[in-house]
Amino acid sequence: MSSETSNAPERTDFIRDIVAADLREGRVAGVVTRFPPEPNGYLHIGHTKAICINFGIAEDFGGRCHLRFDDTNPAKEEQEYIDAIERDIRWLGFDWGGHLYHASSYFEQLYEWAVYLVEAGKAYVDDQTAEEIRAHRGTPTEPGRPSPWRDRPADESLDLFARMRAGEFPDGSRVLRARIDMASPNMHLRDPVLYRILHAEHPRTGDAWCIYPMYDFAHGQSDAIEGITHSLCSLEFKDHRPLYDWFIENLPVPSAPHQYEFARLNITHTVLSKRFLLRLVNEGHVRGWDDPRMPTISALRRRGFPAEGLRDFATMVGVAKADNVAEVEMLEHCVRDVLNRKAPRRFGVLDPLKVVIEDYPEGKVEEMDVPNNPEDPSAGSRKVPFSREVWIERDDFMEDPPRKFFRLAPGREVRLRAAYFVTCREVVKDGDRRIVELRCTYDPATRGGDAPDGRRPKATLHWVSAAHGVPAEVRLYTHLFRSPHPGAGDADVFDDLDPGSERVLARCVVEPSLAELRVGETVQFERLGYFCPDPESAPGALVFNRTLTLKDTWAKLQAQGRQDKV
RNA sequence: UGGGGCGUAGCCAAGUGGUAAGGCACCGGGUUUUGGUCCCGGCAUCCGGAGGUUCGAAUCCUCCCGCCCCAGCCA
């Protein structure tokens, strides 16, 4: 029945262990989880972990996962975010089927339950100001003191609460509070606020309400209404659990869900806080929520990261309770791993240097057959035009090469990938001694890249025919933050922003087939990295984003060399 | 000097009394028409520290140290 006996190296974790035990021992008949975003910003890579855990566990145990918007604070929530969230989760590869819910759909029920608590003497309307409430709450080491309104008769609270709903009072003038324990060592149990007055237009309920439930009063009950069995959230909600349980126990809810907490994800060179990401957007540090340097799912998609790589990463970091900061290299590894297997190879030259093959017939054009993916023979091959003048990467030539540089140099022979061996005969410079062109000769016997005599050049270069290449803009991206731990210690996060995290190269040239590449497709520019068309790309004005570079041993050697000189 | 959570290699993370999985990163070596991929090898005598129980402990007990969360009418 279940796949518990599967020989697959199933990764398990403490939550899956709990779920399995609940199922085995009959505490639950089936598994129902939920992913509960608040539509007050875009989803980021941290949410990916929560999404993968919730949808993944439901999938593993044959249950289901709901998508529920925790839309209880209209002051911060917007339709744009709601749309983006749905789009991003679908893109990640998850499906909530017909199970799309909104906490706002439960407002009437929640209101009735609030009344129920008041009638039971377990909640009261408090007329204190926010400041007074704060002052009475005490501190972690000192107990709080009761509000002067704490023992107000239930009838009076009932009347006031109804009038709060009716709109008789201004924002902030009164709140509904649970009557629990002002001296509790758990701050969340010191008579938590249940409802506040907010005369704000709600994306879904419009102006039907001017009082809105707080997270604690809405979340668990929403879980109960939907029959959620395992309510999974991050560790900072651990202290809320007694309150979560208190509502489940003191209200006539239809089911009794349980909350479990796991550690949230952190990543080096990255900041994952909606508040901060919103500032980056609003203050113009990036192109928007989906700027390729942002950690949002929308941005990673625009950057060319495949959803599969994000899911693999979520699996790789695991589910545990210890604070953690995953190295961004782990994410990059997962992305490269997927792309290496699936991305078609193409030729693109970022910093073009002209090569003229003197003995190659003028006007002649050959269609060279180039494999689309050496990792995947079924990907076939394509024709790439070759002619007398080609562009190569400026970095692939050195007039006076150091020992370990085995690319093109004066007098040296290299292979032009899937084309011919060429030998550099002359270096042409302009008046400023800048190299403007290389004159080479070629070996006609090496067509396709193999020499009949078994000669094997130490380097293979990518190229683009000058007569056929298509101009393109390429945007290179690196980590938004220089520091592995932005804002660590007393540093200002903004000081860690790397102004060089985006570099735009305006004069690149790519092979003709790339003009047809569509947004959403990521290819490998051989020897350079993975690239994808940016949504701003247009026919005649191609724009590519660099997803990631390939691993680059040569660059590493150069970096080490520079260090050695110091 | 309140409550809660957590401490296994540079990073993530298995392990729950029988003598430290795996991945990332890193360092070698091989293959290679991508200095990519792939393959092979190396990388914790030790599990925050100190005691104790036991034939035997990362796993049990005691004390200590450190880090994170909680004082929104945010979620």
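Per chain, numbering begins at 1; letters A, B, ... match sequence-line order. These values consider heavy atoms only, across backbone and side chains, with no hydrogens, waters or symmetry-generated copies.
A salt bridge does not link A:Glu393 to A:Arg527: none of the charged nitrogens lies less than 4.0 Å from a carboxylate oxygen.
The CD1-P distance, from A:Ile53 to B:A13, rounds to 11 Å in whole Å. The distance from atom CD of A:Glu393 to atom P of B:G35 is 12 Å, rounded to the nearest whole Å. Computed from coordinates, the A:Lys321 NZ to B:C12 C1' distance equals 18 Å when rounded to whole Å. In this structure, CG of A:Asn266 is placed 14 Å from C1' of B:C6, rounded to the nearest angstrom. For A:Asp13 and B:U16, the CG to P distance is 16 Å, given to the nearest whole Å.
Considering only side-chain N and O atoms, A:Arg190 lies nowhere under 4.0 angstrom from the phosphate OP1 or OP2 of B:G72. Distances shown here put every side-chain N or O of A:Thr72 at or beyond 4.0 Å from the OP1 or OP2 atom of B:C74. At the phosphate of B:A14, neither OP1 nor OP2 sits under 4.0 Å from any side-chain N or O atom of A:Thr12. Remark: A:Arg134 is in phosphate contact with B:G72, judged by side-chain N or O atoms under 4.0 Å from OP1 or OP2. Using a 4.0 Å cut-off, some side-chain N or O of A:Arg137 falls inside it from OP1 or OP2 of B:G72.
When distances are taken from the side chain of A:Trp554 to each of B:G35, B:G2, B:C74, the shortest belongs to B:G35. Checking B:C73, B:G4, B:G23 against the side-chain heavy atoms of A:Ala130 singles out B:C73 as nearest. Nearest nucleotide to the A:Ala322 side chain, out of B:G7, B:C24, B:G2: B:G7.
For the pair A:Arg165 and A:Tyr111, the cation-pi criterion (under 6.0 Å, within 45° of the ring axis) is fulfilled.
Residues satisfying the salt bridge (Lys or Arg N to Asp or Glu O under 4.0 Å) criterion with A:Lys383, sequence neighbours excluded, are A:Asp369. Listed by chain and residue number, A:Glu526 satisfy the salt bridge (Lys or Arg N to Asp or Glu O under 4.0 Å) test with A:Arg417 (two or more places apart in sequence, or in another chain). Residues forming a salt bridge (Lys or Arg N to Asp or Glu O under 4.0 Å) with A:Asp71 (at least two apart in sequence, or on another chain): none.
You'll find the side chain of A:Pro213 stays beyond 4.5 Å of the side chain of A:Gln221, heavy atoms only. By the 4.5 Å heavy-atom criterion applied to side chains, A:Pro39 and A:Glu77 are counted as neighbours.
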Legend entry - Dot-bracket encoding of pairs in RNA chain B, which uses [ ] for pseudoknotted crossings and | for another strand, Watson-Crick or G-U under 3.5 angstrom: .(((((((.[[[..)..(...]]].(((((.......))))).....[[[[[..)....]]]]])))))).....
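A:Val193 comes within 4.0 angstrom of the backbone, heavy atoms only, and of no base. When heavy atoms are screened at a 4.0 angstrom cut-off, A:Tyr195 is found touching no nucleic acid atom at all. A:Ile133 comes within 4.0 angstrom of a nucleotide base, judged by non-hydrogen atoms across all strands.
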Where do N or O atoms of nucleotides 66-69 of chain B meet protein N or O atoms at under 3.5 Å, pair by pair?
{"from": "B:C68", "atom 1": "O4'", "to": "A:Asp323", "atom 2": "OD2", "distance (Å)": "3.1"}

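Using a 30° and 60° split on the angle between ring planes, A:Phe107 and A:His202 fall in the perpendicular class, above 60°. Note on ring orientation: taking the six-membered ring where Trp is involved, the planes of A:Phe237 and A:Tyr215 are tilted (angle from 30° to 60°).
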Inset, instruction - Before giving the answer on salt bridge (charged side-chain N to carboxylate O under 4.0 Å, His left out), spell out for A:Arg455 and A:Glu413 the whole-Å C-alpha distance, their side-chain angles and the decisive distance to 0.1 Å. - result: CA-CA 10 Å; A:Arg455 232 152 76 234; A:Glu413 180 178 62; 2.6 Å; yes
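For the 3.5 Å distance criterion, the side chains of A:Asn372 and A:Arg346 qualify, holding a donor opposite an acceptor.
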Inset, instruction - Any chance you could list the contact pattern along nucleotides 25-34 of chain B? Use B for base contacts, S for sugar-phosphate-only contacts and - for none, protein heavy atoms under 4.0 Å, 5' to 3'. - result: SSS----SBB
